[in-house]
**Q** 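Here's a structure for you.
Convention: sequence-line order gives letters A, B, ...; per-chain numbering from 1.
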Amino acid sequence: MVAITLPDGSVREFDGAVTGAGIAESLSKSLAKKAVAVKVDGVVCDLFSPIKTDASVEIFSRDTPEGLDLIRHDAAHLLAQAVQDLYPGTQVTIGPVITDGFYYDFARDEPFSSDDLKKIEKRMMALVDADLPTRKEVWNRSDAIAHFTKMGESYKAELITDLPEGEEINIYYHGEWHDLCLGPHLPSTRHIGKAFKLIKLAGAYWRGDNRNPMLQRIYGTAWANEKDLKAYLTRIEEAEKRDHRKLGREMDLFHFQPEAQGSVFWHAKGYLIWRALEAYIRRQLDADGYIEVKTPQILDSKFWEQSGHWAKFRESMFVVPDEIPSTDDDAPVLSGKSDLLALKPMNCPAHVQIFKQGIKSYRDLPIRMAEFGCCHRNEAHGALHGLMRVRQMTQDDAHIFCREDQITDETRRFLDLFSHVYADMGMTDISYKLATRPDTRVGDDATWDRAEKALADALTAAGLEFELAEGEGAFYGPKLEFHLTDAIGRTWQAGTYQLDYVLPERLDASYVDDKGARQRPVMLHRAVFGTFERFIGLLIEHYAGRMPLWLAPVQVVVAAITSEADDYAREVVTTLKAAGLRVDLDIRNEKINYKVREHSHAKVPAIAVVGAREATERKVSLRRLGSQGQSILTLDEAAQALGAEAAPPDLRRD
RNA sequence: GCCGCAGUAGCUCAGUGGUAGAGCGCACCCUUGGUAAGGGUGAGGCCGGGAGUUCAAUUCUCCCCUGCGGCACCA
């Protein structure tokens with residue numbers, strides 16, 4: 001007897017092993033028809049897998065989150081099957097479900113084209129119509145390896161070889177086509193439906209390792225129905241309009257050009273955002289007990305050798321020879337024999353030098369040393385991405401030198417600072433990651449154990465939920481990463497908090513403890529925004545360019561209706577500027593409709609319209625971005641209200 | 001850096017083996033108009049760079065550069 005507990009709590013008994021399909025059949029015809037898989041004690045299983053012991057069972061249809069995952073997983077298989085039908089000799093590798101869809105990596109000498117995608121899609125549709133049933137076989141390990149090797153599927157054979165001994169080797173069939181897969185799957189290809197689309201082609205290294213061959217990855221999206229698919233495509237289209245690179249150009253904030261690739265030309269309007277942010281964060285740091293310093297841009301390579309950067313990051317440093325370039329046009333500019341300097345890729349070693357000046361007592365700690373340091377990193381060409389990944393960037397960087405017993409307090413203090421800053425910025429969707437020791441690192445394992453534990457403990461004490469990112473720490477210590485999401489769902493590290501026992505050791509920083517003995521301080525590397533560049537990029541996408549008043553480059557445009565009101569418009573500008581606002585004047589020979597439209601497109605938060613009426617009554621007609629109507633205020637009221645609203649959030653608090 | 005795709009006016013894009021076109025923007029003129037496009041005229045292009053094929057290349061081929069989407073990397 002097998003007792004099956006259903007979601008409503010009722011129990012059904014079966015004479016022996018029963019499948020999900022069998023249970024569904026026994027419940028109702030319509031359920032049997034809709035069922036796509038079954039959850040057995042919380043684990044999603046094939047509808048045709050026998051359930052041999054008592055269990056809680058939930059049967060679900062394709063219109064559930066679990067069902068959607070299966071649709072995407074099956075769509076990946078379908079893609080592989082279609083590709084192998086159309087392009088014999090192509091090897092399959094892996095094809096997982098990802099956010100909003102799936103991908104499959106193929107090994108094929110000839111590249112796929114976008115035309116191929118259309119053909120593949122068509123073939124996939126035909127396979128759905130063919131309604132091929134799913135069937136599972138469990139194979140013997142060596143037979144499976146021999147089978148796939150014989151088929152010429154060396155990647156699959158490698159995958160099976162690397163499976164742990166004793167792991168079941170499941171082979172799923174969709175018709176005759178079959179693949180190694182953990183499963184589970186939909187009962188047949190018809191259940192996948194046709195709400196899918198192949199969206200892009202890309203290269204991807206086999207097993208994510210750049211020493212391995214590059215495979216061809218085909219990305220697709222799949223949904224339960226056409227409506228969801230359409231909604232997704234519309235969502236992506238809308239998101240693309242929020243792209244900071246597009247808005248940066250449209251709003252005249254910044255630009256890039258090939259002569260300085262990866263470095264930003266900040267236009268006046270973009271730099272106003274930067275200045276507002278910098279002033280804001282500087283106030284927070286001042287209030288939180290930081291000191292601010294400024295350190296050299298170029299330092300001798302010996303210095304970077306000592307810090308460990310030269311060995312690990314030299315290839316992405318901008319190295320500068322310490323010599324006078326030749327002025328002889330026929331001779332090489334540089335001799336290649338001089339000593340080498342490098343532009344700083346980070347500020348920390350320089351901060352240690354300031355710490356080391358004089359003798360520090362345990363009473364001096366913690367020292368919170370901040371710098372808006374401009375750093376250069378020679379990032380790989382393919383890594384550059386608008387403001388998000390640049391070669392010259394300025395961090396709101398600081399290093400906290402403290403005693404080990406101060407780590408918990410400092411961590412809590414930083415997390416407080418971080419959360420109130422992000423709240424002020426309107427950024428609430430943050431994911432936290434604790435990144436642990438990487439393969440290439442400095443410092444012994446005992447030190448790493450201590451550092452990772454200290455950080456995890458501090459986080460737990462602060463009550464923060466975090467995800468573990470194994471092996472993604474900095475080479476000198478574990479780190480907490482604060483990630484934000486861009487318009488199309490990519491996540492970027494913004495803030496960071498790193499615990500470091502190693503650099504103080506390497507650079508010989510010490511303080512004198514209460515017994516008069518020399519001790520190593522702990523160094524906490526931290527940034528709240530991360531870099532101004534990336535953070536501004538994320539802010540632009542977050543607000544879709546419609547910045548809150550305090551960050552808007554132009555806060556108010558005063559637009560005159562007729563030239564009779566020009567003088568009054570000038571006066572309004574003067575008054576609003578006196579209230580601390582950034583104001584532009586628009587007395588062009590254009591209709592008011594045109595002006596309103598243009599400034600609205602430019603995402604100016606407030607338009608103060610003045611005509612003859614306003615001029616005589618000393619009023620303004622104020623129109624806010626996003627609103628259809630306007631309100632009539634006296635000039636003084638408008639100046640006061642807008643001036644108050646334009647104050648940075650920290651200065652608005654009582 | 002690797003794989004794929006792209007590069008035509010300031011922007012968005014069309015186009016052709018015989019050296020180019022639209023809309024918006026810009027300039028000038030008319031228009032003084034009450035909350036998301038008033039009208040007219042005009043200027044503006046080494047068709048990313050280099051080489052090759054050709055009588056002729058923006059168009060075809062190759063190389064390079066830059067950009068885009070991924071991958072790898074991200075102190």
**Q** Of all residues at least two apart in sequence or in a different chain, which pass the ring-ring contact (aromatic ring centres under 6.0 Å, His included) check with A:Y103?
**A**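 Partners of A:Y103 by the ring-ring contact (aromatic ring centres under 6.0 Å, His included) criterion, ordered by chain and then number, come out as A:Y219.
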**Q** Can you check the distance between B:U19 and B:U58, where both ends of the measurement are the C1' atom (answer in whole Å)?
**A**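 Approximately 8 Å lies between the C1' atom of B:U19 and that of B:U58.
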**Q** For atom P, what is the distance between B:G48 and B:G10, given to the nearest Å?
**A**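 Between the two P atoms, the distance is 12 Å.
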**Q** Walk along nucleotides 33-38 of chain B from 5' to 3' and tag each nucleotide B, S or - by protein heavy-atom contact under 4.0 Å, base first, then sugar-phosphate.
**A** BBBBBS
**Q** Using a 6.0 Å distance limit plus a 45 degree cone around the ring axis, check whether A:R450 lies over the aromatic ring of A:Y501.
**A**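 Yes, a cation-pi geometry holds between A:R450 and A:Y501.
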**Q** Side chains of A:T634 and A:R618: does their closest heavy-atom pair fall under 4.5 Å?
**A**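 The answer is no, as the side chains (C-beta and beyond) never meet within the 4.5 Å cut-off.
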**Q** Who passes side-chain contact (heavy atoms from CB on, under 4.5 Å) against A:L201, sequence neighbours left out?
**A**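 So A:L201 forms a side-chain contact (heavy atoms from CB on, under 4.5 Å) with A:F112, A:L117, A:I218.
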**Q** Taking the side chain as everything from C-beta on, heavy atoms only, tell me whether A:L343 gets closer than 4.5 Å to A:M317.
**A**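 When only atoms from C-beta onward are counted, A:M317 and A:L343 do not touch, as no gap falls below 4.5 Å.
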**Q** Using side-chain heavy atoms (C-beta onward) and a distance below 4.5 Å, is A:L642 in contact with A:Q555?
**A**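 No - every pair of side-chain heavy atoms lies 4.5 Å or more apart.
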**Q** Could you tell me how far B:G42 sits from B:A37 if I compare only their P atoms? Round to whole Å.
**A**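 Looking at atom P only, B:A37 and B:G42 are 26 Å apart.
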**Q** ring-ring contact (aromatic ring centres under 6.0 Å, His included) with A:Y232: which residues, sequence neighbours excluded?
**A**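 Per chain and number, A:Y232 pairs via ring-ring contact (aromatic ring centres under 6.0 Å, His included) with A:W223.
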**Q** Quantified in whole Å, what is the C1' atom distance between nucleotide B:G45 and nucleotide B:A20?
**A**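 9 Å, rounded to whole Å.
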**Q** Taking atom C1' in both B:C62 and B:U53, compute the distance separating them and give it to the nearest angstrom.
**A**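 One C1' to the other, the span is 11 Å.
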**Q** Can you check the distance between B:G7 and B:U59, where both ends of the measurement are the C1' atom (answer in whole Å)?
**A**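 Those two atoms are separated by 14 Å.
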**Q** With salt bridge (Lys or Arg N to Asp or Glu O under 4.0 Å) as the rule and sequence neighbours excluded, what pairs involving residues 293-302 of chain A come up?
**A**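 Sorted result for residues 293-302 of chain A: A:D300-A:K302.
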**Q** Expressed as a whole number of Å, how far does the P atom of B:A6 sit from that of B:C13?
**A**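 Pairwise P distance, B:A6 against B:C13, rounds to 14 Å.
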**Q** Mark up nucleotides 64-75 of chain B, 5' to 3', with B wherever a protein heavy atom is under 4.0 angstrom from a base atom, S wherever such an atom reaches only the sugar-phosphate, and - elsewhere.
**A** --SSSBBBBBBB
**Q** Could you encode protein contacts along nucleotides 5-15 of chain B as a string, one character per nucleotide from 5' to 3', using B for base contact, S for sugar-phosphate-only contact and - for no contact, with a heavy-atom cut-off of under 4.0 Å?
**A** ------SS---
**Q** CG of A:L198 versus P of B:G4: gap in Å, rounded?
**A**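 Distance check: A:L198 CG to B:G4 P gives 19 Å.
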**Q** Can you tell me which residue pairs pass the side-chain hydrogen bond (donor to acceptor under 3.5 Å, both in side chains) test with a partner in residues 246-256 of chain A, sequence neighbours excluded?
**A**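 Sorted result for residues 246-256 of chain A: A:K246-A:E250, A:D252-A:H267, A:H255-A:Q257, A:H255-A:H267.
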**Q** Could you list all the salt bridge (Lys or Arg N to Asp or Glu O under 4.0 Å) pairs where at least one residue sits in residues 253-265 of chain A, not counting sequence neighbours?
**A**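 For residues 253-265 of chain A, and leaving out neighbouring residues, there are no salt bridge (Lys or Arg N to Asp or Glu O under 4.0 Å) pairs at all.
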**Q** Looking only at atom C1', what distance separates B:U16 and B:U8, rounded to whole Å?
**A**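 These two C1' atoms come out 12 Å apart once rounded.
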**Q** Taking side-chain contact (heavy atoms from CB on, under 4.5 Å) as the criterion, tell me which of A:V609, A:V583, A:L585, A:V558 meets it with A:V572.
**A**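 Passing option: A:V558.
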**Q** For residues 556-567 of chain A, pull every pair meeting salt bridge (Lys or Arg N to Asp or Glu O under 4.0 Å), keeping only residues two or more places apart or in separate chains.
**A**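 Found A:D567-A:R570.
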**Q** According to side chain to side chain donor-acceptor pair (under 3.5 Å), who are the partners of A:D584, at least two apart in sequence or on a separate chain?
**A**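 Residues passing side chain to side chain donor-acceptor pair (under 3.5 Å) with A:D584: none at all.
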**Q** Give the dot-bracket string for RNA chain B, reading 5' to 3', where a pair is Watson-Crick or G-U wobble with both distances under 3.5 Å, ( ) marks pairs inside the strand, [ ] marks pairs crossing earlier ones, | marks a partner on another strand, and . marks unpaired.
**A** (((((((..((((....[..)))).(((((.......))))).....(((((..]....))))))))))))....
